[in-house]
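Heads up: numbering here begins at 1 and tracks the sequence.
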Amino acid sequence: MTEQKSLHLGDVAPDFQAETTEGPISFHEFIGDKWCILFSHPADYTPVCTTELGRAAGMKEDFGKRNCKMIAISCDSVEDHKGWIEDIKAHTGSAEFPYPIIADPKRELACQFGMLDPVEKDKAGIPLTCRACFIFSPDKKLKLQILYPASTGRNFDEILRVLDSLQLTANHSVATPVDWKHGGDCMVVPSLSDEAAKEKFPKGFTKKEVPSGKGYLRFTPQPNV
């Protein structure tokens, strides 16, 4: 098996070719001019994975509104994926499954993205994919990477929240504070002076005084709402 590699924030995604439940793809072509979330799961026909992919399918419109495509991947075959999709649809009560699942039985992509879980293994003792989540921007660069163990299902509301933050901060000179949600106050980035912030943010900003006197806690209403 190929040695695992790793992606770093800002890296351009590998432009791989793969077979999926919706036919062959080239990853960069698949992304096109949109944002993209690529998420792996340990194995088909397993309980936590079924709930995760079902939840993601139910959020198609939420990701679509944010110009973001979804695609999943595991070490199973296309045939297994297609059979399992019927179980997912039965679990969610939906008549459709709105995104492709990549087949990676040789674990080539899992190694390329650093997705393999050294703890979770198949019957042959070969590592399975962990619950990895990658978000790529339209320029194909990695903006987010989260790794979960097989025992812990992901929170897709949190992934959506992070996507909102990534898209907001990509276009405005703000950062999002702890527990931020769409519509909440943002923070003026430290690189912007008070004078520049006054011009940049017509809604104004509030500075919280702290003992150091440095004045770096500056809050402003979300600029794009």
Side-chain angles (χ1 to χ4, degrees), residues 1-2 4 6-7 13-14 16 18-25 27 30-31 35-64 66 68-136 142 144-163:
M1 190 164 55
T2 307
Q4 282 210 82
S6 63
L7 288 182
F16 61 83
E19 293 296 327
T20 80
T21 51
E22 296 181 7
I25 66 157
F27 192 48
F30 174 80
I31 296 175
W35 289 72
C36 178
I37 172 173
L38 167 68
F39 52 99
S40 63
H41 60 276
D44 296 353
Y45 299 107
T46 54
V48 176
C49 301
T50 300
T51 63
E52 284 191 321
L53 271 72
R55 173 64 170 152
M59 298 177 75
K60 173 190 175 182
E61 291 187 5
D62 294 308
F63 282 98
R66 292 160 173 82
C68 183
K69 303 181 79 170
M70 295 184 289
I71 188 165
I73 178 174
S74 80
C75 301
D76 302 278
S77 67
V78 168
E79 291 71 24
D80 281 339
H81 288 335
K82 287 182 176 180
W84 180 45
I85 283 173
E86 296 306 310
D87 286 1
I88 297 173
K89 288 159 62 177
H91 166 66
T92 60
S94 175
E96 67 167 357
F97 190 81
Y99 58 86
I101 307 178
I102 297 168
D104 186 32
K106 295 182 179 179
R107 293 159 170 76
E108 293 173 344
L109 296 177
C111 288
Q112 196 168 14
F113 280 83
M115 295 175 178
L116 291 180
D117 186 335
V119 176
E120 294 296 321
K121 300 178 181 180
D122 63 14
K123 294 178 181 179
I126 302 174
L128 296 168
T129 41
C130 65
R131 301 188 193 284
C133 177
F134 302 88
I135 294 181
F136 297 97
L142 179 64
L144 174 80
Q145 178 177 210
I146 311 176
L147 302 179
Y148 294 77
S151 58
T152 304
R154 284 162 285 203
N155 184 327
F156 276 83
D157 287 328
E158 166 63 6
I159 293 171
L160 204 64
R161 185 193 76 88
V162 173
L163 178 60

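In summary, Arg161 and Glu158 engage in a salt bridge, as defined by a charged side-chain N under 4.0 Å from a carboxylate O. For Lys82 and Glu79, the salt-bridge test fails: no basic side-chain N is under 4.0 Å from an acidic carboxylate O.
Annotation: the span from Leu147 atom CG to Phe134 atom CZ amounts to 6.0 Å, rounded to 0.5 Å. Distance check, rounded to the nearest 0.5 Å: CD1 of Ile101 to CE of Met70 gives 11.0 Å. Atom CG of Leu53 sits about 4.5 Å away from atom CZ of Phe97, to the nearest 0.5 Å. Taken from CZ in Phe156 to CE in Met59, the straight-line distance is 8.0 Å, to the nearest 0.5 Å. The structure places CD1 of Ile73 at 11.0 Å from CZ of Phe39, a figure rounded to the nearest 0.5 Å. Here the CD atom belonging to Glu108 is positioned 11.5 Å from the CZ atom belonging to Phe16, to the nearest 0.5 angstrom.
For the residue pair Thr46 and Ala43, the shortest heavy atom distance occurs at OG1-O, 2.6 Å. When all heavy atoms of Ala72 and Tyr99 are compared, the pair lying nearest together is CB-CE1, 3.9 Å. Nearest heavy atom pair, residue Pro98 against residue Lys60, reads CB-CD, 3.3 Å. Listed here is the closest heavy atom pair of Ile31 and Cys36: CG1-CB, 3.8 Å. Nearest heavy-atom pair, Cys75 versus Thr129, reported as atom, atom and distance to 0.1 Å: SG-CG2, 3.8 Å. Listed here is the closest heavy atom pair of Phe27 and Pro14: CD2-O, 3.6 Å.
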Begin with the C-alpha distance, continue with both residues' side-chain angles, and end with the deciding distance and a verdict on salt bridge (Lys or Arg N to Asp or Glu O under 4.0 Å) for Glu86 and Lys89.
CA-CA 5 Å; Glu86 296 306 310; Lys89 288 159 62 177; 3.3 Å; yes

- [ ] Please test Asp117 against Arg131 for side-chain contact (heavy atoms from CB on, under 4.5 Å), starting from the C-alpha separation and ending with a verdict.
- [x] CA-CA 9 Å; Asp117 186 335; Arg131 301 188 193 284; over 6 Å; no

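Take Arg66 and apply the side-chain contact (heavy atoms from CB on, under 4.5 Å) test, not counting sequence neighbours, and it matches Asp62, Leu160, Leu163, Asp164, Gln167.
His81 places no side-chain N or O within donor-acceptor distance of the main-chain N or O of Thr20, the cut-off being under 3.5 Å. With Arg154 contributing its side chain and Ala132 its backbone, the two residues share a donor-acceptor pair below 3.5 Å. Formation of a donor-acceptor pair under 3.5 Å by the Ser40 side chain with backbone atoms of Cys130 is found in this model. In this structure, the side chain of Arg107 engages the main chain of Pro127 through a donor-acceptor pair within 3.5 Å.
Under the 4.5 Å side-chain criterion, counting only non-hydrogen atoms from C-beta, Cys49 is not in contact with Asp44. You'll find the side chain of Phe63 reaches within 4.5 Å of the side chain of Ile159, heavy atoms only. Using a 4.5 Å heavy-atom cutoff, the side chains of Met115 and Leu109 are not in contact. Looking at heavy atoms from C-beta onward, Trp84 lies out of side-chain contact with Asp76 at the 4.5 angstrom threshold.
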